[in-house]
Amino acid sequence: MKNISYNFAFLLLLFAFFWNCNQKKTNNKAVGGVSNDSLPILFSLANDFKLPRQKRLDYINKANEVVVNQENDSLNRANLFKIANRYYNINSFKEYFKTVNLVLQNSEKVADSSNISKAYGYLGDYYRIKSVSDSSFLFYYKAEQLYVKLENNKMQLVKILINKANLLFRVGDFVGSEKEVFKVLRLVKGETSQEFKEIYYDAYNTLGLVYNGMGDYEIAINYHNKAIKCIQDFQIIGKNQTMAISYLNLGLVYMNLKNYEQAKLYFQKGIEQQLLDNQDASIYAMLLDNLGYCKFKLNEKNGLPDLFYKSMEVSSGLKSNSGHFLNLIHLSEYFEAKKDRVQALNFANQALALVRKTNDRHDILVALKHIATIDPVKATAYTKEYIHINEDLQKEERKIGEKFSRIQYETDQIKDENSDLEAKNRKLVYFFTAIAILGFFLYIIKSQKVKNRELLYKQQQQKANEDIYNLMISQQNTIEANRVQEKKRVAQELHDGVLGRMFGVRMNLEGLNQFNDDLAITQRLDYLSELKKIEQDIREISHDLNREKSELINNFVAIVDNLFEEQRKTFHAKLFSSIDPNIKWDLAVNSVKINLYRIIQESLQNINKYANASTIKVDLKKQENNILLTITDDGAGFNVNLKKKGIGLQNMISRAKECQGEFNVQSKIGEGTTITVRIPLEKQIS
């Protein structure tokens with residue numbers, strides 16, 4: 001819910017900004033009358049919110065035709081700002097931008113610093129609405145610098161600072177936004193006029209949104225309550241509408257705290273205030289949607305899903321895509337809980353399609369995270385896209401503060417260098433040279449890091465090879481010790497058992513040579529039988545010696561068998577292994593054995609991690625003068641052509657090449673994987 005609340009908060013900042021812009025028209029009353037008597041009527045009708053938009057646009061265009069032909073004086077510039085305000089209020093931003101640039105040009109012609117700074121602020125508003133944050137920050141900063149120099153412009157200055165704070169909040173720079181708001185509070189300390197009371201409300205409301213974004217929910221609640229107290233104590237214009245927004249903000253904070261009961265109460269209060277005012281349907285739609293979501297979380301069935309559908313109906317004719325998007329997400333969650341997967345997936349797909357059009361990456365992340373939980377077929381693709389967008393977004397948010405600082409710095413530089421063109425050019429040369437040198441050094445550092453990583457990888461690989469070689473030596477030493485012990489045992493058996501029995505038989509036969517009766521014949525037959533038993537014992541001892549010799553020769557086989565046995569004990573997949581007894585391992589150099597062992601080990605690790613296989617087959621056999629290794633599993637498989645080769649697969653390819661061998665992998669999604677390695681048996685690897 002944190003991401004969703006962040007999007008709501010951003011939308012509320014937008015509403016607060018629109019509300020502030022609507023108040024701009026009251027500041028122009030002190031300008032005085034105009035030469036054409038029709039202008040006051042046209043301005044009044046153009047700002048009549050009860051009229052249809054097209055009708056209001058017609059009145060603005062008529063007023064504009066009169067004003068653009070007037071002489072460039074203070075009254076003309078004031079009227080141009082009025083026209084710009086009215087274009088803004090009906091969301092005709094193209095004409096708004098054109099009018100503001102005209103009044104900026106007229107102000108620059110006569111060096112009217114007050115109106116130049118005001119035009120900068122209006123352009124900052126325009127670029128903020130268009131989501132061009134760096135341009136917006138640039139014009140706000142220019143306006144701020146001019147207002148600081150001008151006397152008796154505290155109100156205009158604090159409004160610009162509030163807009164800067166809102167911009168910084170929008171791009172995720174909560175700390176920067178917090179600093180700007182506290183700068184405002186220091187400037188307005190002690191001020192008691194109605195306009196400054198409204199600034200107090202804006203400051204506290206923004207701080208509430210900032211701390212909600214930071215996760216400091218108790219502090220956020222405190223500042224939202226302060227904002228509400230400002231409305232109650234100061235009787236701020238548009239009280240009901242502002243109160244509804246504050247109740248909505250408080251409800252969102254309690255939703256982040258998962259205190260849905262308290263959040264529900266504030267949403268209900270907001271709906272009551274909204275019904276009294278009935279100015280902005282978007283606020284009403286969001287209040288309905290969030291009230292429905294709280295009821296859903298509290299397992300309250302009354303009013304559901306009608307609240308969600310009513311919110312959708314209210315917002316359907318509006319341009320507030322963010323509110324409509326969250327409404328779709330909440331509906332999807334609701335039907336998912338009701339086990340209606342078709343409806344849940346339908347609304348999730350609608351939400352994702354909507355935010356793809358607006359390209360709001362925060363909303364796209366929310367949509368991807370949600371749809372991945374209810375669409376297991378495409379969950380992997382959605383998760384990959386989520387990770388990619390999230391990484392890009394984090395990088396962008398980390399850089400945004402640096403970008404604004406650089407804009408601030410470069411703006412100051414340009415302003416200071418206007419008086420001396422030569423010095424300006426020289427400093428620019430120094431600046432870009434420094435950037436080039438820095439880039440060169442960064443390139444060198446990056447290249448060195450890459451080389452260091454490659455060296456570290458080779459060192460780690462060498463150490464792994466040494467460990468395997470030591471393991472083989474240790475195994476060979478163990479077998480040698482066993483061989484010596486076996487020799488000792490055989491010698492003892494021959495001496496104490498076989499020789500003793502043969503000596504006894506020989507002595508008895510010599511004694512029987514003197515007799516030829518039936519008893520002597522029977523006894524001779526018994527001793528011949530005893531000799532056959534001794535012969536069998538000697539044969540068994542001989543077999544034991546041959547088996548011990550085979551184990552000595554094939555100690556590599558013993559090491560691989562140990563690996564297979566460990567695999568069988570640890571993992572559920574059935575492992576079938578076969579090692580050709582015709583392979584003469586004593587002909588293979590240690591590097592071949594080491595790399596074969598590592599390829600088998602890496603393959604088994606990959607199968608265990610990713611394949612989810614039930615059966616694994618490993619075959620080592622001799623093919624002409626080569627060792628042929630085949631590893632097959634019946635797991636998930638992957639697209640060999642599209643999938644990026646991971647470091648494990650790259651290591652196996654590298655090891656096969658190191659042995660002057662061939663490596664081949666065949667796989668299809670859902671049909672398992674087969675790895676084939678062919679390595680020369682007797683070829684010496686340099």
Can you name the residues that form a ring-ring contact (aromatic ring centres under 6.0 Å, His included) with Y147, not counting sequence neighbours? none

With sequence neighbours left out, what residues match Y211 under ring-ring contact (aromatic ring centres under 6.0 Å, His included)? Y223

Go through the structure and list residues passing side chain to side chain donor-acceptor pair (under 3.5 Å) with T632, not counting sequence neighbours. none

Report yes or no: is the cationic atom of K378 (NZ for Lys, CZ for Arg) under 6.0 Å from the centre of the six-membered ring of Y382, at an angle within 45° of the ring normal? no

Could you tell me whether a side-chain N or O of R655 sits under 3.5 Å from a main-chain N or O of L596, the two making a donor and an acceptor? no

Hits for side-chain contact (heavy atoms from CB on, under 4.5 Å) against K622, two or more places apart or cross-chain, chain-then-number order -> D580, I583, L681

Taking only residues two or more places apart in sequence or in another chain, which ones pass side chain to side chain donor-acceptor pair (under 3.5 Å) with E336? none

How about L161 and E144: do any of their side-chain heavy atoms sit closer than 4.5 Å? yes

My understanding is that only residues two or more places apart in sequence, or in another chain, count here; which of them pass side-chain contact (heavy atoms from CB on, under 4.5 Å) with E624? none

With D634, which residues qualify under salt bridge (charged side-chain N to carboxylate O under 4.0 Å, His left out), at least two apart? none

Residues K183 and E180 bridged, charged N to O under 4.0 Å: yes

Just to verify, what does R356 make a side-chain contact (heavy atoms from CB on, under 4.5 Å) with, not counting sequence neighbours? L352, L368, E385

For E108, what residues pass the salt bridge (charged side-chain N to carboxylate O under 4.0 Å, His left out) criterion, not counting sequence neighbours? none

Can you sort out the partners of N606 under side chain to side chain donor-acceptor pair (under 3.5 Å), two or more places apart, ordered by chain and number? none

With sequence neighbours left out, the residues meeting salt bridge (charged side-chain N to carboxylate O under 4.0 Å, His left out) with E178 are none

Can you name the side-chain contact (heavy atoms from CB on, under 4.5 Å) partners of V175, sequence neighbours left out? D173, K179, M214

